Amino acid sequence: MKLTVYNTKTRQKEAFEPIDAENVRMYVCGPTVYNRVHIGNARPVVVFDLLYRVLNVLYPKVTYARNITDIDDKIMNTSRETGESIESITTRYADAYADDMAQLNAKTPDIIPFATQHLPEMIDLVERLIARGHAYESEQHVLFDVRSMANYGELSNRSLDDMLAGARVEVADYKRDAGDFVLWKPSADDEPGWDSPWGRGRPGWHLECSAMIEKHLGKHIDIHGGGRDLIFPHHENELAQSCCGSDDTPFVNYWMHNGYVNIDGEKMSKSLGNFRMVNELLTEWHGEVLRYALLSAQYRSEVNFSFDVLSSAKQSLDSFYRALEQLQDVVTEPMPLEQASVFAALLDDLNTPNALAALHQLVKNLAKADEADRKRIKSDLIASGELLGLFEETPSDWFKGNTDDDQTAKIDALIAERAQAKADKNWARADEIRDELASLDIIIEDSASGTTWRKA
RNA sequence: GGCGCGAUAGCAAAGCGGUUAUGCACUGGAUUGCAAAUCCACGUAGGCCGGUUCGACUCCGGCUCGCGCCUCCA
């Protein structure tokens, strides 16, 4: 039972070997907090939450850090446009992000470092890079000298010359080489800034991750994750900074990147205006439906976030919750998570489609199961759910959805009236009430023990 | 121009050189006052053209189409 992961750097699946089996360390790039996040931002959160859960089964301790970027030109622009202070914006959206991710059943990382709280560490790293001959000061900027690093481009599998040949790169005149990137840049008086050996300024984009990883997780970590679009330039540059800032450590053993969330077959983008914000989706779909939909494809492939995919995810979850409802009275002992039927699939580079297939097979013959089987099935479902981050609701809450108390009272009254109509064999009235409930998105189910209802 | 990914049944999505992936939807049946749910039944799918092989969705080559990255987008 070995975990295998796909490593972007080597472009192949590899057996996972921790640096320190007593403390596995992983870092995932979090959001820039200037807006509500979209479902594409949620994918790495769900994917690496899943990895975190798997690692926690395999190893006694896992330290998971996910940063909050609270210095950025986009934040400054928002502040300029709205008049709201930068601190107010970043605090508000960092909180909103935490709320959204909690609704997707993502566990809170062990460490959530904020960029603004690590300026001394960032400045220190820049000084080390200059001292080691990998960075230079130019017109109040400090730039990383990409030509000083022999294997720059290794992570993203591209050479500097190829990269720059046909690319649309504006070369600032303070750069020695077009590929050099900013470590530190000057701030105008009305812009946020910090005093530094190079004047008042602020860090470049990539710097915070290098500094925070080193501080919280060390110079050499096991796993670094994020969206595919971060491979270049963000992670390539982070790797360059971290490796050149100290001795030539490997920095990260396994680079893992998730594929995009697409809408109508295309990447979400501002120009297409096809963003789907998580909080908006949550008004129509339960967080577990979003999570299930994200897990329905293997994390490295693209996933198209369509109505059909969400609807199918909901149907599947309904059937699992129905199984759990049927098993409500079964008493179980906790099952070790590594015995859950989804576990083996997850060990194979988080093969969630296979994991979900295993879960469906588990429930398939529930009707024919004897007591021992029912006990095993329920234990397995609970353990699998804990691994996948699903089934955190009770079945009754799940089927009730977001129905409030007033609506519930109204529904119950209608069902009572219908029960009387049925007793009177007044089928017309009974069907009329069912239609009325259906118009409220309520589906009713008659059984020998009475009538139950659920939200469509 | 450089680098890379993908094309599987109505939709979604995996593994695998030779046995039914799986889910959702659809259709028929059982059940039900009618429904819903459940149960039973039901799909030789693998872009195109070659090659390797006893045998290819799976390996190799070419083609077509789609998508992504190439300096601050998860």
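On a predicted model such as this, the values are computed, not experimentally measured, just so you know. Below, chains carry the letters A, B, ... as their sequence lines are ordered, and counting in each starts from 1. Side chains included, hydrogens not; waters and symmetry mates left out as well; all remaining heavy atoms used.
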Tell me whether the OP1 or OP2 atom of [N] has a side-chain N or O from [X] closer than 4.0 Å.
X: A:Asn157; N: B:G4; result: yes
X: A:Lys74; N: B:C73; result: yes
X: A:Lys175; N: B:U71; result: no
X: A:Asn41; N: B:A74; result: yes
X: A:Ser301; N: B:A14; result: yes

Expressed in angstrom and rounded to an integer, what is the separation of [X] atom [atom1] from [N] atom [atom2]?
X: A:Gln298; N: B:G15; atom1: CD; atom2: C1'; answer: 12 Å
X: A:Leu310; N: B:A25; atom1: CG; atom2: P; answer: 15 Å
X: A:Gln361; N: B:A21; atom1: CD; atom2: P; answer: 12 Å
X: A:Met268; N: B:C69; atom1: CE; atom2: P; answer: 13 Å
X: A:His141; N: B:U71; atom1: NE2; atom2: C1'; answer: 13 Å
X: A:Leu183; N: B:C72; atom1: CG; atom2: C1'; answer: 13 Å
X: A:Tyr260; N: B:G4; atom1: OH; atom2: P; answer: 16 Å
X: A:Leu346; N: B:G15; atom1: CG; atom2: C1'; answer: 15 Å

Notebook entry, point to check: Checking side chain to side chain contact (heavy atoms under 4.5 Å, CB included) for the pair A:Leu310/A:Lys314: CA distance, chi angles, key distance, verdict?
Noted result: CA-CA 6 Å; A:Leu310 288 165; A:Lys314 182 181 182 299; over 6 Å; no
Checklist line | Dot-bracket encoding per residue of RNA chain B, Watson-Crick/G-U cut-off under 3.5 Å, | denoting interstrand | finding: (((((((..(((.....[...)))..((((.......)))).....(((((..]....))))))))))))....
Next item on the list: Sequence neighbours left out, what pairs pass side chain to side chain donor-acceptor pair (under 3.5 Å) with at least one residue falling in residues 355-369 of chain A?
Entry: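 Not a single pair qualifies under side chain to side chain donor-acceptor pair (under 3.5 Å).
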Item checked: Residue pairs involving residues 104-118 of chain A (criterion side chain to side chain donor-acceptor pair (under 3.5 Å); sequence neighbours excluded) -> A:Tyr52-A:Asp110, A:Asp70-A:Thr116, A:Asn105-A:Glu288, A:His118-A:His216
Item checked: Pair A:Trp205 + A:His234: ring centers closer than 6.0 Å -> yes
Margin query: Just checking A:Phe181 against A:His206, ring centres under 6.0 Å apart?
Written below: yes
Notebook entry, point to check: Using atom C1' of each nucleotide, how far apart are B:C42 and B:C24 to the nearest Å?
Noted result: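 Rounded to whole Å, the distance is 16 Å.
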Item checked: Inter-nucleotide C1' distance (B:U53, B:C59), Å rounded ->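 After rounding to an integer number of Å, I get 10 Å for this pair.
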With a 4.0 Å cut-off on heavy atoms, is [X] in touch with a base, just the backbone sugar-phosphate, or nothing at all?
X: A:Asn354; result: base
X: A:His38; result: base
X: A:Gly40; result: base

Under-4.0 Å salt bridge between [X] and [Y]:
X: A:Arg376; Y: A:Asp373; result: yes
X: A:Asp431; Y: A:Lys422; result: no
X: A:Glu325; Y: A:Arg322; result: no

Item checked: Which residue lies more 5' along RNA chain B, comparing A:Asp180 with A:Ser311 via nearest heavy atoms -> A:Ser311
Next item on the list: For A:Ser312 and for A:Pro233, find the nucleotide of RNA chain B with the closest heavy atom, then tell me which residue's nucleotide is more 5'.
Entry: A:Ser312
Could you tell me if [Y] and [X] have a donor-acceptor pair between their side chains, going purely by distance under 3.5 Å?
X: A:Ser156; Y: A:Glu236; answer: yes
X: A:Thr69; Y: A:Asn67; answer: yes
X: A:Asp424; Y: A:Gln420; answer: yes

Check: [Y] and [X] side chains under 4.5 Å, non-hydrogen atoms:
X: A:Pro203; Y: A:Leu119; result: yes
X: A:Phe305; Y: A:Asn262; result: no
X: A:Leu390; Y: A:Phe320; result: no

Margin query: On the six-membered ring of A:Tyr27, is A:Arg66 placed so that its NZ or CZ lies under 6.0 angstrom from the centre and within 45° of the ring axis?
Written below: no
Check: Distance under 6.0 Å and angle within 45° of the ring axis: does A:Lys74 meet both against A:Tyr34?
Finding: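 Here A:Lys74 passes the 6.0 Å and 45° test against A:Tyr34.
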Margin query: Please list, in numerical order, the residues of residues 93-109 of chain A that have a heavy atom closer than 4.0 Å to any atom of RNA chain B.
Written below: none
Distances for protein N/O vs nucleotides 37-41 of chain B N/O pairs under 3.5 angstrom?
residue: B:A37; atom: O3'; partner: A:Arg322; partner atom: NH1; Å: 3.3
residue: B:C40; atom: OP1; partner: A:Lys368; partner atom: NZ; Å: 3.4

Output a table of nitrogen or oxygen pairs between the protein and nucleotides 30-34 of chain B separated by less than 3.5 Å.
residue: B:G33; atom: O6; partner: A:Arg418; partner atom: NH2; Å: 3.3
residue: B:G33; atom: N1; partner: A:Asp431; partner atom: OD1; Å: 3.0
residue: B:G33; atom: N2; partner: A:Asp431; partner atom: OD1; Å: 3.2
residue: B:G33; atom: N2; partner: A:Asp431; partner atom: OD2; Å: 2.7
residue: B:C34; atom: O2; partner: A:Asp431; partner atom: OD1; Å: 3.4
residue: B:C34; atom: O2; partner: A:Arg434; partner atom: NH1; Å: 3.1
residue: B:C34; atom: O2; partner: A:Arg434; partner atom: NH2; Å: 2.1
residue: B:C34; atom: N3; partner: A:Arg434; partner atom: NH1; Å: 2.7
residue: B:C34; atom: N4; partner: A:Asp446; partner atom: OD2; Å: 3.1

Next item on the list: Output the single nucleotide from B:C67, B:A74, B:A14 whose closest atom is nearest the side chain of A:Pro353.
Entry: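 Closest nucleotide to the A:Pro353 side chain: B:A14.
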Item checked: Minimum-distance nucleotide (side-chain atoms of A:His360 versus B:U22, B:A14, B:C72) -> B:U22
